[in-house]
S.K.: 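Got a structure for you, written out below as structure tokens; questions coming shortly.
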Amino acid sequence: AKVEAEAKFRDDMSEYYDFETMPWVAYRFTDWFKMGAGWRELYSRKNEEVYTAIVGDGDQAPVADHYWQVEQRPLMDFMFTAQPTSWTLEDRVRVEYRVIEEQDEYFRYRNRFRVRPPWSWTRAEIKPWIAWEAYYEDNPDLDSGDRLNRHRLYVGLGAKVTRVIKAGCYYYREEALKDDAWEPNNEIGLEMSLSY
């Protein structure tokens with residue numbers, strides 16, 4: 001079991017735009033298969049003006065330059081692990097049911113393939129990893145050719161701070177399909193989890 005929290009900033013760290021939390025549990029059925037379930041709640045900043053009615057004449061006046069959109073995301077993870085040599089190969093298939101305010105609900109499928117070399121450093125067992133992840137959204141608002149619309153390449157480090165506290169950092173380069181064009185995104189992440 002673990003609890004994750006994520007906060008995101010954009011525009012050279014000048015704008016706080018996303019906060020996510022997720023309790024998650026998993027059970028390892030075999031050495032090579034583990035299944036997990038979680039519930040992610042997201043708050044995403046939308047940079048659109050918010051208006052309110054002016055009493056008397058029916059006009060509207062802006063009251064804010066943004067609002068926070070809420071998303072509930074129950075999910076299931078199917079994780080497969082292989083160790084053909086001293087390197088570890090992990091394949092995670094995540095099925096998410098996206099319930100976003102004022103939008104139709106739909107499923108999204110994510111597939112992340114991660115490679116962990118056998119190296120580790122210090123007593124904290126600092127270990128490097130690399131991964132590639134692709135996204136497919138079964139969103140009825142998208143054309144069928146636009147549903148495989150995001151992929152990421154990760155490079156990261158993970159460490160055991162204590163027996164139950166894990167920490168890490170990563171960088172990813174993302175390409176996301178928006179308005180018929182692939183747009184790049186770069187992100188640096190810091191993560192900490194409590195695992196029991």
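FYI, side chains are in, hydrogens and waters are out, and symmetry mates aren't considered; it's all heavy atoms of this structure. Just so it is clear, the model here is predicted, and its values are computed rather than measured.
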S.K.: Is Glu133 close to Tyr154 at the side-chain level, that is, under 4.5 Å between some pair of heavy atoms?
M.R.: yes

S.K.: Please list all pairs passing the salt bridge (charged side-chain N to carboxylate O under 4.0 Å, His left out) test where one or both residues lie in residues 147-162, with sequence neighbours left out.
M.R.: Asp138-Arg147, Arg150-Glu174, Arg152-Glu174

S.K.: Hey, are Arg73 and Glu20 close enough for a salt bridge, meaning a charged N less than 4.0 Å from a carboxylate O?
M.R.: no

S.K.: Answer yes or no: is there a side-chain heavy-atom contact under 4.5 Å between Phe19 and Leu42?
M.R.: no

S.K.: Applying the 4.5 Å side-chain criterion to the ILVMFWY set and letting contacts propagate, would Val161 and Leu190 be lumped into a single cluster?
M.R.: no

S.K.: Linking I/L/V/M/F/W/Y whenever any side-chain heavy atoms sit under 4.5 Å apart, do Leu153 and Leu89 land together?
M.R.: no

S.K.: Verify the distance criterion only: is there a donor paired with an acceptor across the side chains of Asp141 and Gln103 at less than 3.5 Å?
M.R.: no

S.K.: With side chain to side chain contact (heavy atoms under 4.5 Å, CB included) as the criterion, how do Leu177 and Leu148 come out once you've worked through the C-alpha distance, each side chain's angles and the decisive distance to 0.1 Å?
M.R.: CA-CA 8 Å; Leu177 184 61; Leu148 185 61; over 6 Å; no

S.K.: Will you find, in the side chains of Tyr170 and Glu191, an N or O donor that is under 3.5 Å from an N or O acceptor?
M.R.: no

S.K.: Hey, quick one: are Tyr136 and Phe107 part of the same hydrophobic cluster, counting side-chain heavy atoms closer than 4.5 Å, chains of contacts allowed?
M.R.: yes

S.K.: Are Trp68 and Phe9 connected, step by step, through hydrophobic side chains (Ile, Leu, Val, Met, Phe, Trp, Tyr) whose heavy atoms are closer than 4.5 Å?
M.R.: yes

S.K.: Could you tell me whether Lys127 atom NZ has more than 12 heavy atoms of other residues or ligands within 6.0 Å of it?
M.R.: no

S.K.: Could you pull out all donor-acceptor pairs under 3.5 Å where a side-chain atom in residues 31-39 meets a protein atom, sequence neighbours excluded?
M.R.:
from	atom 1	to	atom 2	distance (Å)
Trp32	NE1	Thr30	OG1	3.3
Trp39	NE1	Gln72	OE1	2.8

S.K.: Is Leu157 reachable from Ile188 through a run of I, L, V, M, F, W or Y residues, each pair having side-chain heavy atoms under 4.5 Å apart?
M.R.: no

S.K.: Inspect the contact between Arg92 and Glu90 and indicate whether a charged nitrogen and a carboxylate oxygen are less than 4.0 angstrom apart.
M.R.: no

S.K.: Checking ring-ring contact (aromatic ring centres under 6.0 Å, His included) for the pair Phe29/Tyr27: CA distance, chi angles, key distance, verdict?
M.R.: CA-CA 6 Å; Phe29 290 90; Tyr27 182 78; 4.9 Å; yes

S.K.: Should Met22 and Leu75 be marked as a side chain to side chain contact (heavy atoms under 4.5 Å, CB included) after you check the CA-CA gap, both sets of side-chain angles, and the distance that decides it?
M.R.: CA-CA 10 Å; Met22 182 182 73; Leu75 58 90; 3.6 Å; yes

S.K.: Got Arg45 and Tyr16 here, is their nearest side-chain heavy-atom distance under 4.5 Å?
M.R.: no

